[in-house]
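Presented below is the structure to which this report refers.
In this text, all values refer to a predicted model and were calculated from it rather than measured experimentally.
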Amino acid sequence: MSDVRVRFAPSPTGYLHIGGLRTALFNWLYARHEGGTFIVRIEDTDRDRSTDEAIDVILEGLRWTGLTWDEGPYRQTDRLDLYRQQAMGLLERGQAYWCICTTEELEARRKEAQATGQPLKYNGQCRERGITTPTQPAALRFKSPQEGETVVEDLIKGAIVFDNAVLDDLIILRSNGYPTYNFSVVIDDAMMGITHVIRGDDHVNNTPRQVPIFSALGYAIPKFAHLPMILGADKARLSKRHGATSVLAYQEMGYLPEALVNYLVRLGWSFGDQEIFSLTEMVEKFSFGSVQKAAATFNPEKLLWLNAEYMKQSDPKQVAHQLQPFLQQQGYDPNSPIQPQGGLEALVPPLRERARTLVEMVDWSLPYVIEPVVRDEAATKKFITPEIAPSLQKFVERGKALEPFTKETAEQLFHVILEEDGLKMGNLAQPLRVALTGRTTSPGIYDVMELLGKDRSMNRILEALQHVSSCGIVPTDA
RNA sequence: GUCCCCAUCGUCUAGCCUGGCCUAGGACGCCGGCCUUUCAAGCCGGCAACACGGGUUCAAAUCCCGUUGGGGACGCCA
């Protein structure tokens, strides 16, 4: 194992979203590529917005996509003493100071600065006050360097130069005693020996604020890699407005985790013209050098295509397994005798040519797993006609005697009847399809019959013929 | 407003670092055709981009500068 240590550090204020998952993925890929350690750390220092439910959901999302972690999940709220201790050290060494400006004052100043077009920067009012023992609520601020420049050597974007004059004296300890993000992240990255900070590029501007804290504390500065953002179709940062952004929502919509991950890795990373990568391949081929600098737009159509590709390439048994819970939601009972011939996995090869998600596949599956079949009225009326009824009748009579009843023997019978009755393929196939499945679209009818088996196939045709007889058009003794 | 980042088909991208092989390649989507018992799938073909302006050079998508456009950040959020 190499000494590379990376972390995914979500804040548990909501679900795991697409952007977060992509960040986690790139951390994971780099860790695995280098044989390093992937750490999960929950940044829950915002005690108003953090919830345990959110932690569960985030971890569940990570598990679903197979991004296994080696250490953690650590929680920052378990480490509060550590941050306070480090903050006090800074205070003692004169690298931090108490600030008694109230939130209201700060807010008012910000508003005014905004209105007059001034920089929205803390004015340093308390910097020289030298408050040693505050008698009112006070926050601790870090004395940021105000001269010179800070250069961040980003692994993706290259060197980024910041004039230190733009740096705020940022709050590191809130008046409630909790550390703020920019402080706890530094302490943890340092103490956990993080070697590479891989995060969204909405954090680039935080980097020059964090670097001086590492230095003030005497810690080594990690390497940074800032990933481009993922945008919605309107080019705005991906958010709820853009529809589903929760990772688990994709699970519910019937996406395969491997497909989602594959889609996400290609949002910002590429390897020549290759589109499809197994997890192993991604790990092997990943490098920061081929990570895009520009933001990417999330394209649900391409995700759909990839998902369809994965369903086609996966082991049918595996797909059937993933399909089952979705089917059960629609009333399928795995213990019922009503099963496709060959089991659920026999359904997968014909249906995956027609479905792009597991949810779509469920709809195609219904005729084979639910009795009685749901019949489309219009289709039945149109195709199950008095004219074709005798041929269907004949199909049943002879079909009953077929042994074995397979798609091959069904096909033979079909052709015999075509010839005898002088019919074209379409004349008989479409009525048969409607009789068997209740709908006008399905896999090839021989496949359908094999999936249904002899008894159910014959019964379905008979049921359909009832429709003709109940209309009183032709008598039938079926 | 200030700071930072970015810029190849509608979208994801290859090419850029190490200028000529680029008449700019692939993929999604779209359009057309083939196949065909329906719907798909599959196969074949088509439309479609180097943001703009200046340099540098024999030669620029590739290097430099500027403009424009887009994104991000500016919290006692993370």
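Look at B:C39: it lacks any Watson-Crick or wobble partner with both distances under 3.5 angstrom. Nucleotide B:U57 has no partner under the Watson-Crick or G-U criteria, as no pair reaches both atom distances under 3.5 Å. Pairing partner, B:C9: none, since no Watson-Crick or wobble contact has both distances short of 3.5 Å. Nucleotide B:C76 forms no Watson-Crick or G-U wobble pair with any nucleotide shown, as no partner meets the under 3.5 Å limit on both distances. Applying the Watson-Crick and G-U wobble criteria (two distances, each under 3.5 Å), B:A51 pairs with B:U67. Across every strand in view, B:A14 sits unpaired, with no contact that passes the Watson-Crick or G-U test at under 3.5 angstrom. Partner assigned to B:C22 is none, using Watson-Crick or G-U wobble distances below 3.5 angstrom.
When distances run from any side-chain atom of A:T180 to the nucleotides B:A78, B:G29, B:U11, the shortest one goes to B:A78.
With A:R199 as the fixed residue, the side-chain hydrogen bond (donor to acceptor under 3.5 Å, both in side chains) test singles out one of A:T207, A:N206, A:T23: A:T207.
Atom name P, nucleotides B:A24 and B:C9: the rounded distance is 14 Å, in whole Å. Nucleotides B:C58 and B:U67 are separated by 29 Å at their C1' atoms, to the nearest Å. The same atom, P, is picked in B:A51 and in B:G10; the two are 11 Å apart, to the nearest Å. Comparing the C1' positions of B:A59 and B:G20 gives a spacing of 6 Å, expressed to the nearest Å. Comparing the same atom, C1', in B:A7 and in B:C43 gives a spacing of 36 Å after rounding to whole Å. Separating the C1' atom of B:C39 from that of B:C52 is a span of 48 Å, rounded to the nearest Å.
Atom NZ of A:K312 has more than 12 neighbouring heavy atoms from other residues, nucleotides or ligands inside a 6.0 Å radius. Surrounding CD of A:E420 are more than 12 heavy atoms belonging to other residues, nucleotides or ligands, all under 6.0 Å away.
Under the 6.0 Å distance and 45° angle rule, A:R7 does not count as a cation-pi partner of A:F38. A cation-pi contact, defined as under 6.0 Å to the ring centre and within 45° of the axis, is absent between A:R398 and A:F395.
If you check every strand for non-hydrogen atoms under 4.0 Å, A:L267 touches sugar and phosphate atoms only. At the heavy-atom level, A:G200 lies nowhere under 4.0 Å from the strands shown. Note on A:E301: only backbone sugar-phosphate atoms sit closer than 4.0 angstrom, heavy atoms only; bases stay farther off. At the heavy-atom level, A:R439 lies nowhere under 4.0 Å from the strands shown. A:V434 comes within contact range of no nucleotide atom at all, as no heavy-atom separation falls under 4.0 Å. Within the nucleic acid shown, A:T116 has no heavy atom closer than 4.0 Å to any nucleic acid atom. When heavy atoms are screened at a 4.0 angstrom cut-off, A:T441 is found touching base atoms of the nucleic acid. Among the heavy atoms of the strands lying under 4.0 Å from A:P443 is at least one base atom, whether or not backbone atoms are also near. Among the protein residues, A:F414 comes within range of no part of the nucleic acid, since none of its heavy atoms lies under 4.0 Å from any strand. A:C101 comes within contact range of at least one nucleobase, with a heavy-atom separation under 4.0 Å. Residue A:Q114 is out of contact with every strand shown, counting any heavy-atom pair closer than 4.0 Å. Residue contacts shown for A:E309 are limited to sugar-phosphate atoms, with no base heavy atom under 4.0 Å away. At the heavy-atom level, A:I445 lies under 4.0 Å from base atoms of the strands shown. Counting any heavy atom pair closer than 4.0 Å across all strands shown, A:N206 reaches a base atom.
At B:C76, one or more side-chain N or O atoms of A:R110 fall inside 4.0 Å of OP1 or OP2 (strictly under the cut-off). Checking the phosphate oxygens (OP1, OP2) of B:A14, a side-chain nitrogen or oxygen of A:S270 falls inside 4.0 Å. Considering only side-chain N and O atoms, A:R209 lies nowhere under 4.0 angstrom from the phosphate OP1 or OP2 of B:C3. Put simply, A:T297 has a side-chain N or O that comes within less than 4.0 Å of OP1 or OP2 on B:C12. The phosphate of B:G42 (OP1 or OP2) has a side-chain N or O of A:K312 nearer than 4.0 angstrom. Between A:Q274 and B:A14 there is no side-chain polar atom (N or O) within less than 4.0 angstrom of OP1 or OP2. Applying the 4.0 Å criterion to OP1 and OP2 of B:G69, one finds that A:K235 has every side-chain N and O outside that range.
Of the two residues contacting RNA chain B, namely A:T440 and A:N205, the nearest-nucleotide position lying further toward the 5' end is that of A:T440. If A:R49 and A:D234 are placed on RNA chain B by their nearest nucleotide, the residue sitting closer to the 5' end is A:D234.
In this structure, the OH atom of A:Y122 is 23 Å from the P atom of B:C3, given to the nearest Å. Per the geometry, CG belonging to A:L231 stands 18 Å off P belonging to B:G69, to the nearest Å. In this structure, A:D168 places its CG atom 7 Å from C1' of B:C74, rounding to the nearest Å.
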| task | Go through A:R237 and A:D202 one step at a time and tell me if the side-chain contact (heavy atoms from CB on, under 4.5 Å) criterion holds. | result | CA-CA 10 Å; A:R237 190 174 172 168; A:D202 48 340; 2.8 Å; yes

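Taking the six-membered ring for Trp and the full ring otherwise, the centers of A:F286 and A:F26 sit less than 6.0 Å from each other. Remark: aromatic rings of A:H226 and A:F288 are distant, center separation not under 6.0 Å.
For B:G25, its base sits under 3.5 Å from the side chain of A:D273 at one donor and acceptor pair at least. The base of B:G75 lies outside donor-acceptor range of the side chain of A:E107, with no N or O pair under 3.5 Å. With hydrogens and angles left out, the side chain of A:S442 and the base of B:C39 share no donor-acceptor pair within 3.5 Å.
The two residues A:A87 and A:L173 have their closest heavy-atom pair at CB-CD2, 3.8 Å.
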